[in-house]
Amino acid sequence: MDSPASGSETAAVSSAFDRFDPRVQKWIWDQGWQSLRSAQEHAAEPIMAGDRDVIVAAATASGKTEAAWLPICSVLATAPPETGVKALYLSPLKALINDQHSRLDQLCEYLELPVHRWHGDVAGSQKKLVLRKPDGLLLITPESLESLFVNQGEKMGKLFGGLRYVVIDELHSFIGTERGAQLRSLLHRLELATRHQVPRIALSATLGDFAAAAEYLRPGAGEDVVVIDAAEERAELRLQLRGYIAADPIKAAADPTGELVDWAKGAIVDHLFATLRGTDNLVFTNARGLVETYTDLLARRCADANLPNEFLPHHGNLSKEVREHVEERLKASDTPTTAICTSTLEMGIDIGSADSVAQIGAPLGVSVLRQRLGRSGRRGQPAVLRLYVSENQLDERTPPADAVRAELMQTIAMVDLLLERWYEPPDLKKLQLSTLLQQVLSVIAQRGGADAASMFDALCARGPFRNVDQPMFVALLRVMGQAELVAQAGDGLLLHGQAGERLVNHYSFYTAFTTDEEYRLVSRGRTLGSLPVDYPVSVGSLLIFSGRRWRVLSVETEQKIIDLEPARGGKPPSFPGVGAEVADEVRRRMRQWYESDDVPPYLDKIAQRLLDEGRSSYKRLLLAQQPIVSWGRDTVLMPWRGDKIMNTLAVVLRQHHLEVGQDGVALTVRRTNAFGLWELIRDLAVDRQPAPLVLAETVANKASEKHDRFLTEELLIASYAARSLDVPGAWSALAELATAPRPESEAE
DNA sequence: AAGCTAATGAGGGCAA
């Protein structure tokens with residue numbers, strides 16, 4: 001927690017400070033704080049009232065967690081001991097729990113309140129202590145709370161009977177996800193088990209739509225949630241967008257050595273090496289493979305210059321030991337370290353403050369960019385953000401999607417929205433059937449059996465799965481019966497079936513999201529990390545991993561272990577994944593930038609040139625008037641809409657027997673001429689909009705979530721339609737496309 | 001024209 005450099009308001013005259021318990025006040029004095037921060041000042045009263053839900057929205061490092069804990073601890077200071085857990089803190093990360101634990105432990109010592117941790121790495125003995133003497137604060141993951149419901153079902157009322165507060169950290173990371181649906185279900189079930197409503201205090205730095213976040217936090221009563229929007233004066237931001245031009249992809253592909261690094265990567269590495277060496281920085285990429293590529297290149301630059309390496313990788317497939325080593329080095333002040341990383345270093349793990357943040361490639365989203373930026377610029381220092389964007393060299397064969405320099409424009413649009421404090425809105429339409437299936441099994445485990453009506457009431461009608469109506473819930477129970485996940489006892493009570501028993505009794509049950517099977521990578525007995533099993537490796541293959549080069553010594557298929565020895569060559573593995581969904585607002589903002597002549601002041605020379613090229617292409621292709629472009633035998637559509645609408649358009653066109661490729665800003669309709677497509681679009685635009693379910697029926701692969709494999713086609717259709725289709729949005733795009741002038745038909 | 005695509009989490013019983 002940082003002390004403000006200057007504070008005209010002292011703690012002694014603060015109204016919030018006066019309300020705190022004397023021992024909390026003493027703790028604040030002992031920290032040497034001159035004043036409370038804005039979020040802390042404003043959150044105290046509504047939290048201490050103890051009867052309402054509160055969202056604390058404040059920037060990273062603005063004392064957000066203290067804004068929740070100081071008033072909560074003040075209230076709990078006078079509560080009778082050992083009446084059960086009094087405050088529950090839910091975190092998306094184990095590392096965050098460990099951080100919070102060490103910070104809270106000290107404050108709570110003043111109050112003689114125990115602070116307990118509970119997650120997968122915590123010793124069983126500590127967990128037993130909580131079960132024996134439940135009291136104080138409990139810091140836990142959603143998965144571990146799930147395990148408590150499954151394994152300690154009958155004790156939940158006693159464990160949490162005295163619960164006064166629930167704190168949810170990094171709320172944005174849950175919204176719209178399977179994990180979020182699980183979390184909301186667990187919170188609701190907690191209130192049912194303890195027979196009283198518990199105030200929910202949510203923390204986040206990147207909420208765009210407060211009303212939606214409030215409704216997410218308290219389904220059905222979002223308007224009663226108190227929102228503390230403590231946007232403090234924006235700290236200075238130093239921003240640069242650097243453009244790079246990559247080698248012609250055809251020439252690069254034809255390179256026989258395979259060693260050729262494209263020009264852009266080499267130039268980016270040169271700049272990173274020259275700029276970041278000697279300081280602590282975070283370089284974010286959008287892919288784990290790219291982390292490996294850049295770390296390897298930077299480490300070689302260090303070796304070539306006879307300098308110790310300061311560039312280290314950090315991503316989700318590296319072992320905990322490898323990652324913790326990097327985190328330690330970032331924290332230590334005497335070892336300059338730059339971590340090349342993915343989202344793993346996005347959230348509030350305490351690594352001190354970075355001197356600067358770099359982002360390679362267009363950001364995955366505006367809120368992702370905000371999170372990443374938040375890792376630099378603490379302690380009154382300006383935040384420094386460098387964005388590196390490379391585009392392919394232009395020639396007459398460059399397709400429209402590349403010619404418009406979409407990646408550069410997306411970056412500019414996202415910076416724009418970031419400065420306006422716009423963030424991706426939550427998607428509250430999803431059905432989350434996969435997670436509902438999990439929760440049905442969990443409720444049965446918790447209660448030793450449950451009847452359908454009470455489960456529908458608890459989970460759907462009054463619970464968080466409100467988008468699921470009774471017929472759909474009945475259909476879900478029916479497929480669960482057919483798959484022997486549940487079975488009905490004579491008295492109508494639902495119990496686990498054989499398959500359900502197996503599922504619930506394995507620890508993989510507790511997560512709501514899917515995970516791939518992986519090999520463990522080992523060198524001389526040390527675990528380096530893991531690789532997805534479907535990535536091809538054989539004895540002798542060369543690999544770049546953990547920023548170093550390896551040869552595969554052995555592959556043990558049974559134990560899923562790959563043994564490695566150091567080598568000289570190699571290439572990074574590819575990791576499977578899905579691209580992030582680009583929001584509608586981002587694409588609309590991109591279009592505004594194409595149609596403007598403004599040049600953002602933070603572009604370097606090459607970025608300016610790329611901007612010019614993008615705008616020239618936009619004009620040359622007449623995209624302002626005619627977003628239907630003839631491209632060889634294909635036709636390209638560029639309606640500047642978000643990915644959900646782009647997907648819906650693709651589904652609609654495929655329904656008319658067209659082959660459609662989805663490629664970011666463009667839909668490529670193969671072997672179709674522009675005139676014919678324009679006619680079809682004009683017909684579609686005046687047609688009645690199809691029902692989403694009818695449209696979803698035509699989609700081939702609809703399963704994507706953990707338990708989707710159990711669902712019937714009918715349930716999959718409903719789930720897909722809610723998740724991936726925006727029919728009104730698609731029809732508004734069609735209407736706009738239909739106003740385009742008649743394209744010239746191709747000469748036969 | 002082709003390649004590229006994040007992260008998160010996880011128990012209990014048993015034997016020594």
Side-chain angles (χ1 to χ4, degrees), chain A residues 90-97 118-124 127-128 131 140-152 169-170 172-174 177-180 182-183 186 246-254 262 284-291 293 314-318 320 323 341-347 349 359-365 367-368 371-372 390 392-393 395-403 407 438 442 445 503-516 572-582 631-632 634 643 661-664 668 670 706:
Chain A
L90 281 144
S91 154
L93 297 178
K94 291 186 285 190
L96 216 49
I97 287 176
W118 191 310
H119 59 62
D121 300 342
V122 170
K127 294 177 182 172
K128 284 197 187 103
L131 294 177
I140 197 166
T141 58
E143 289 73 15
S144 285
L145 185 56
E146 186 79 71
S147 81
L148 276 174
F149 272 107
V150 169
N151 299 307
Q152 312 291 338
D169 208 352
E170 309 279 8
H172 65 274
S173 73
F174 290 110
T177 67
E178 291 147 280
R179 249 187 140 187
Q182 178 186 28
L183 174 74
L186 295 172
D248 183 319
I250 299 160
K251 281 182 207 149
D262 76 50
F284 289 98
T285 72
N286 296 336
R288 286 163 285 183
L290 288 174
V291 166
T293 301
H314 196 286
H315 62 70
N317 281 68
L318 295 170
K320 195 173 142 215
R323 287 200 251 174
C341 57
T342 58
S343 316
T344 45
L345 287 178
E346 235 168 64
M347 278 188 279
I349 306 169
Q359 161 74 37
I360 299 179
L364 296 167
S367 72
V368 172
Q371 285 293 132
R372 294 182 171 187
S390 70
N392 291 331
Q393 218 174 10
D395 60 33
E396 65 284 352
R397 292 170 305 169
T398 307
D402 270 8
E407 189 159 1
Q438 178 209 32
S442 178
L503 210 61
V504 176
N505 286 336
H506 192 267
Y507 60 74
S508 60
F509 174 73
Y510 307 117
T511 51
F513 53 88
T514 44
T515 44
D516 296 325
S574 64
F575 296 90
V578 287
E581 194 174 275
V582 175
W631 189 253
D634 305 336
D643 279 338
Q662 285 169 258
D663 191 13
T668 304
R670 317 231 186 260
K706 187 175 183 181

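Proteins get letters first, then strands, A, B, ... in listed order; numbering begins at 1 in each.
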Handout entry: Check: His314(A)/Thr344(A) side-chain N/O donor and acceptor closer than 3.5 Å
Key = yes

Handout entry: pi-stack flag for Phe575(A) and dT5(B), centroid dist under 5.5 Å, interplanar under 30°
Key = no

Between [atom2] on [N] and [atom1] on [X], what's the gap in Å once rounded to a whole number?
X	N	atom1	atom2	result
Phe284(A)	dA6(B)	CZ	P	15 Å
Leu345(A)	dT8(B)	CG	C1'	14 Å
Leu145(A)	dG11(B)	CG	C1'	15 Å
Lys320(A)	dA7(B)	NZ	P	18 Å
Glu346(A)	dA6(B)	CD	C1'	8 Å
Phe513(A)	dA7(B)	CZ	P	12 Å
Gln393(A)	dA1(B)	CD	C1'	15 Å
Lys706(A)	dT8(B)	NZ	C1'	12 Å

For the side chain of [X], counting heavy atoms from C-beta on, which of [options] is nearest?
X	options	result
His119(A)	dT8(B), dG3(B), dA10(B)	dA10(B)
Arg288(A)	dA1(B), dA7(B), dT8(B)	dA7(B)
Thr344(A)	dA10(B), dA1(B), dA7(B)	dA7(B)
Tyr510(A)	dA10(B), dT5(B), dA1(B)	dA10(B)
Leu364(A)	dA1(B), dA6(B), dG3(B)	dA6(B)
Gln152(A)	dA6(B), dA10(B), dG12(B)	dG12(B)
Ala287(A)	dT8(B), dG11(B), dT5(B)	dT5(B)
Ser574(A)	dG9(B), dG3(B), dT5(B)	dT5(B)

At under 4.0 Å between heavy atoms, what does [X] touch on the DNA or RNA strands: base, sugar-phosphate, or nothing?
X	answer
Pro399(A)	base
Arg670(A)	nothing
Asp121(A)	nothing
Ser508(A)	base
Ser144(A)	sugar-phosphate

Practice task
Can you check whether any acceptor in the base of dA7(B) is under 3.5 Å from a donor in the side chain of Ser343(A), or vice versa?
Solution key: no

Are the side chain of [X] and the backbone N or O of [Y] linked by a donor-acceptor pair below 3.5 Å?
X	Y	result
Glu143(A)	Tyr510(A)	no
Glu396(A)	Thr398(A)	no
Thr141(A)	Ser144(A)	yes
Asp643(A)	Val582(A)	yes
Glu146(A)	Thr511(A)	no

N or O in side chain of [X] less than 4.0 angstrom from [N] OP1/OP2:
X	N	result
Thr141(A)	dG9(B)	no
Lys94(A)	dA10(B)	yes
Asn505(A)	dG12(B)	no
Arg323(A)	dT8(B)	yes

Exercise for the section: By nearest nucleotide on DNA chain B, pick out whichever of Phe509(A) and Asn286(A) is the more 5' one. Expected result: Asn286(A)

Completion exercise
Heavy-atom nearest pair, Glu346(A) first then Phe284(A), reads N-CE2, 4.2 Å

